[in-house]
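As the structure is a prediction and not an experimental result, all values here were calculated from the model. Positions are given from 1, in the same order as the sequence printed here.
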Amino acid sequence: TWVVGRLLLAHGAMVPVLTRLKPAESPKKVRSWVDQIQKAGLHLAFLTFGALVLPREAWFAWDAEALAEGVFEGFPARQLSRGLHMYYLLQVGFFCSNFVFHFLEERRSDFWMMLVHHCASIALMYGAYTRSFHRIGALVL
């Protein structure tokens, strides 16, 4: 549903609006703008969600020393809070959708570099989640 929604938003709403605002731009450039606007909006939404979730965690602290102690407290046997779990699921879903869209969008000069980036990001999130490094992973996200 995420992929279908993204396609509908891009081609159903954003492309016609940007084409009217910038009629001299090429369709390829308009599609590139739409893609970048969508990704920036999603990154902003996830950043906001993370900024709301992380400070509510018991181990989180604004002080670097206290944060370093809290991140490893109780390792490896610790519970994952519901908010942090949702944050991880949203981020993994976003990166997986980027991986799928990487093959659906026009090929760019950095195709292979971005493919490696998406694969490495998904692997790192999976590894952090399954090996109980979710606190460190959440700080990196």
Next on the checklist: When you compare the side chain of His117 with that of Phe95, does any pair of heavy atoms fall below 4.5 Å?
Outcome noted: yes
Checklist outcome for this item: Rounded to the nearest 0.5 angstrom, the CZ-CZ distance for Phe94 and Phe99 is 14.5 Å
Next on the checklist: If the condition is side chain to side chain contact (heavy atoms under 4.5 Å, CB included), which residues does His102 pass it with, not counting sequence neighbours?
Outcome noted: Phe111, Met114, Leu115, His118
Next on the checklist: Suppose we screen for side chain to side chain contact (heavy atoms under 4.5 Å, CB included). Which residues come up paired with Tyr126, at least two apart in sequence or across chains?
Outcome noted: Thr130
Checklist outcome for this item: Residues passing the side chain to side chain donor-acceptor pair (under 3.5 Å) test with Arg108, sequence neighbours excluded, are Asp35
Item to check | Residues which pass salt bridge (charged side-chain N to carboxylate O under 4.0 Å, His left out) with Arg56, listed by chain and number, not counting sequence neighbours | outcome: none
Checklist entry - Given the rule that I, L, V, M, F, W and Y join up when any side-chain heavy atoms are under 4.5 Å apart, are Phe103 and Val116 in one cluster? => result no
Checklist entry - Looking at Gly137 and Ala128, what are the two nearest heavy atoms and their distance? => result CA-CB, 4.4 Å
Checklist outcome for this item: Sorted by chain and number, sequence neighbours left out, side chain to side chain contact (heavy atoms under 4.5 Å, CB included) with Leu139 holds for Leu54, Trp59, Phe60, Leu67, Val71
Next on the checklist: Please give me the minimum heavy-atom distance between Pro55 and Gly50, naming the atom from each residue.
Outcome noted: CD-O, 4.0 Å
Checklist entry - Is there a chain of hydrophobic side chains (I, L, V, M, F, W, Y, each step under 4.5 Å between heavy atoms) that links Leu124 to Phe46? => result no
Pair up each side-chain donor or acceptor in residues 83-93 with any protein partner under 3.5 Å, not counting sequence neighbours, and list the distances.
from: His85; atom 1: ND1; to: Tyr129; atom 2: OH; distance (Å): 2.8
from: Tyr88; atom 1: OH; to: His134; atom 2: O; distance (Å): 3.3

Next on the checklist: Quick check on the hydrophobic clustering: are Trp112 and Ile122 connected, directly or via other members, by side-chain heavy-atom contacts under 4.5 Å?
Outcome noted: yes
